[in-house]
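First the structure, in the form of structure tokens, and then the observations on it.
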Amino acid sequence: QVQLVESGGGLVQPGGSLRLSCAASGSIFGLYTMSWYRQAPGNQRELVATITSRGSTNYADSVKGRFTISTDSAKNTVYLQMNSLKPEDTAVYYCNAGRLTSSTQYTFWGQGTQVTVSS
């Protein structure tokens with residue numbers, strides 16, 4: 001099974017930047033769509049950014065222009081570069097790998113990493 005390990009979260013001031021990393025247990029980016037989700041206390045988990053195995057990306061409107069998702073195939077790692085951070089970005093951020101075959105749907109989650117944006 002796929003294992004995902006996230007890192008890079010922390011406390012930053014508004015306007016600051018963080019880069020989150022998600023390391024996969026094996027070479028998966030040719031098979032899986034990789035996504036970042038986030039969940040704030042009391043809120044639903046929301047999709048932040050997605051990158052397909054072919055490199056196509058999509059972003060939530062709330063982060064478009066500020067966040068960038070990317071992958072490093074050699075390191076089996078997906079990144080979320082977060083710039084111009086706002087207090088509203090405070091949440092636990094989760095890495096996700098998803099794959100749909102003709103017969104089975106696969107999805108895997110990381111453990112989450114806390115991002116806190118505060119003065």
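Using modelled atom types, no side-chain atom of Y37 and backbone atom of W109 make a donor-acceptor pair closer than 3.5 Å. The closest donor-acceptor contact from the side chain of R19 to the backbone of Q81 lies at 3.5 Å or more, if one exists at all.
V117 and V63 fall within the same hydrophobic cluster, defined by Ile, Leu, Val, Met, Phe, Trp and Tyr side-chain heavy atoms under 4.5 Å apart, directly or through other members. There is no path of hydrophobic side-chain contacts, each under 4.5 Å, that joins L20 to Y79.
Looking only at side-chain heavy atoms (C-beta outward), V2 and L4 come within less than 4.5 Å of each other. Side chains of C95 and F108 form no contact here, defined as non-hydrogen atoms less than 4.5 Å apart. Residues L18 and V115 have side chains in contact (heavy-atom distance under 4.5 Å, counting atoms from C-beta outward).
At a threshold of 4.0 Å, the pair K86-D89 does not count as salt-bridged, since none of the basic side-chain nitrogens sits closer than that to a carboxylate oxygen.
Note: Y32 and Y106 have perpendicular aromatic rings, judged against thresholds of 30 and 60 degrees for the angle between ring planes.
In this structure, R45 satisfies the cation-pi test against Y94, with its NZ or CZ atom closer than 6.0 Å to the six-membered ring centre and inside 45 degrees of the ring normal.
Looking only at atom types and distance, the side chain of D72 has no donor-acceptor partner in the side chain of T77 under 3.5 Å away.
Looking at every heavy atom in both residues, V92 comes nearest to G112 through CG1-CA, 3.9 Å.
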